[in-house]
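Heads up: the structure comes next, in structure tokens.
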Amino acid sequence: MSESLMVSAVDIHKSFGTNEVLKGITLEVKRGEVMCLVGPSGSGKSTFLRCINHLERINSGRLMVDNQLIGYRESNGKLHELKPSEAAAQRVGIGMVFQKFNLFPHMTALDNVISGMIRVQKIDRATAIAEGTELLKRVGLADKLDHYPAHLSGGQQQRVAIARSLAMKPKLMLFDEPTSALDPELVGEVLDAMKELAQSGMTMIVVTHEMGFAREVADSLVFMDGGVVVESGDPQEVLRSPKHERTRTFLSKVL
Amino acid sequence: MPLRHPIRWAAAFYFVLIGVAFVVDALHRSAYEWKAFYKYIFDVRVFKAAGVTLSLTAISMFIAIIWGVALAVMRRSPNPVFRQVSWFFIWVFRGTPVYVQLVFWGLLSTIYHSFFIGIPDIHFGHFYLGIHIPISQTASLYWLAIIGLSLNEAAYMAEIVRAGLLSVDEGQEEAATSLGMSWWTTMRFIVIPQAMRIIIPPTGNEIISMLKTTSLVTAVPLITDLYARTRNISDEIYNPIPLLMVACAWYLFFTTVLMFIQYFVEKRFARGHSVLRVSHE
């Protein structure tokens with residue numbers, strides 16, 4: 001595997017019971033690349049994202065992040081499942097932002113951001129607070145440190161969630177429909193935070209319906225449907241002149 | 001003009017009237033023997049017995065909460081052995097009456113003569129690989145009562161805690177997991193603190209319930225608690241009524257204090273939730 005690759009997925013299959021959700025996904029994400037995953041609901045894009053973070057276990061295929069096999073260790077040509085502690089260590093390097101934010105409601109914005117630093121990385125509280133404050137400033141929430149999630153708008157909550165992920169200093173950030181649960185007027189502030197992150201050189205995979213964001217920020221666009229990659233390429237290209245009928249139908253509905 | 005509530009006022013008047021009539025009548029009724037009530041309410045034996053009831057409640061509840069949380073967490077554990085052990089324990093201890101369990105604990109020394117921890121068949125002369133713990137006939141009835149009360153209560157606490165854990169959104173566990181937190185760290189710092197808001201009100205209820213259930217320890221038989229002791233004194237004076245009143249007064253005093261504590265604890269754990277789930281009507 002090339003040094004320039006952050007994610008390499010080869011023939012990933014995933015089923016829930018008899019329902020096969022991923023039917024052989026193969027794709028690559030370079031370091032510093034921003035990839036947008038689009039497609040109709042039920043196409044498996046969220047499931048694929050969750051597999052990268054090992055929140056879901058794949059049934060077959062090879063999934064590597066930063067030259068490390070996800071969820072397994074290879075020795076003598078056999079795959080051995082990782083111990084929970086090893087799997088947890090892998091997840092530290094992979095940030096994830098959820099559609100419903102999933103902030104911890106019993107903690108303030110700042111405590112949310114530093115929770116991983118303190119509980120996982122065992123950084124001392126003073127240092128964590130300094131870094132956490134800096135991160136919240138970066139997403140434009142310097143004045144909301146002591147607010148509980150219930151007292152923040154959806155857009156603010158999602159920006160706290162982004163800061164919380166960044167606190168772990170991830171090499172890869174996954175976004176699972178980060179703006180789908182937001183009121184329309186709040187979408188912009190979250191996309192701006194993501195754009196700033198993309199410009200800072202972060203490798204990102206974004207499941208989204210925001211084609212404007214895909215066109216403007218993404219380096220590549222992948223269209224998934226029915227558990228397979230239908231089409232991928234330069235976002236401008238794909239959005240302007242999709243090659244496949246299914247892509248065309250989908251885009252005509254969302255654009 | 002605010003809305004008037006004539007029916008409310010009429011009802012309130014009616015019930016106050018009944019209450020006053022009852023109290024006036026009770027004060028003059030000889031069966032209550034108020035003199036005996038006043039004599040014994042602060043009697044040193046009653047005082048000590050109230051202490052025993054309180055300590056039975058506190059220690060049993062303390063063990064029950066810890067063991068109950070452990071059982072509930074075990075039931076959600078990725079380890080199937082833990083899940084089954086937890087299920088079995090709850091099945092047995094919730095499925096049989098607490099009174100019967102207390103009688104059983106009282107008979108412990110009749111059923112088992114000693115505990116042996118170690119490897120039974122290996123010994124060098126008189127030295128065994130393990131330790132013998134004899135259960136003497138005089139095994140502390142107080143501690144047997146606590147074991148009986150706490151194991152029974154733990155089964156109920158486990159179900160309460162389980163409901164609390166289930167109330168926490170799945171996304172919380174996912175978010176914590178994706179930050180790299182272990183299963184236990186996630187439970188300890190993310191899931192359990194949020195579950196507390198759901199767990200505390202019924203737990204307050206259980207503590208109050210436990211305070212009253214201690215009156216069953218006579219089944220062990222432990223006779224130093226509030227109820228057994230007041231019965232005992234009433235046998236001396238040939239009138240059970242004033243001492244039942246004494247016992248009721250103490251039980252009611254304790255439960256009232258517990259209700260106040262519960263109110264403030266619930267407030268504390270409502271942090272992050274703008275609407276406090278306490279009725280103000």
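By convention in this document, chain letters (A, B, ...) are assigned in the order of the sequence lines, proteins followed by strands, and residues within each chain are numbered from 1.
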- Task: Name the region of A:L103, side chain, backbone, both or neither, that has any atom closer than 4.5 Å to a heavy atom of chain B.
- Result: backbone

- Message: Could you report the tightest heavy-atom contact between B:S215 and B:K212, atom names first, then the distance?
- Response: OG-O, 2.6 Å

- chain B: which of A:K100, A:M107, A:Q90, A:R119 shares the most heavy-atom pairs with it under 4.5 Å? A:R119

- Presence of salt bridge, A:D111 and A:R125, under 4.0 angstrom: yes

- Sort B:T177 into side chain, backbone, both or neither according to what part of it lies under 4.5 angstrom from a heavy atom of chain A. both

- Item | Residue part contacting chain B, namely of A:I94, when any heavy atom lies under 4.5 Å | backbone

- Interface residue of largest heavy-atom contact number with chain A, from B:M181, B:E170, B:R188, B:Q172, under 4.5 Å: B:Q172

- For A:T108, is it the side chain, the backbone, both or neither that has a heavy atom under 4.5 Å from a heavy atom of chain B? neither

- Matching residue for B:W67 among B:F93, B:F89, B:F62 - test: ring pair (Phe, Tyr, Trp, His ring centres under 6.0 Å): B:F89

- Message: Taking side chain as everything from C-beta outward and backbone as N, CA, C, O, which of these in A:F104 sits under 4.5 Å from a heavy atom of chain B? Side chain, backbone, both or neither.
- Response: both

- Query: Is it the side chain or the backbone of A:R50 that comes within 4.5 Å of chain B heavy atoms, both, or neither?
  - Reply: side chain

- Message: So that I can tick it off, tell me whether A:E131 and A:R138 are bridged by a salt bridge, with the cut-off set at under 4.0 angstrom between side-chain N and carboxylate O.
- Response: no

- Would B:Q101 and B:T96 count as having a side-chain donor-acceptor pair, cut-off 3.5 Å? yes

- Message: For B:Y263, does the six-membered ring have the charged nitrogen or CZ of B:K267 within the cation-pi criterion, i.e. under 6.0 angstrom from the centroid and within 45° of the normal?
- Response: no

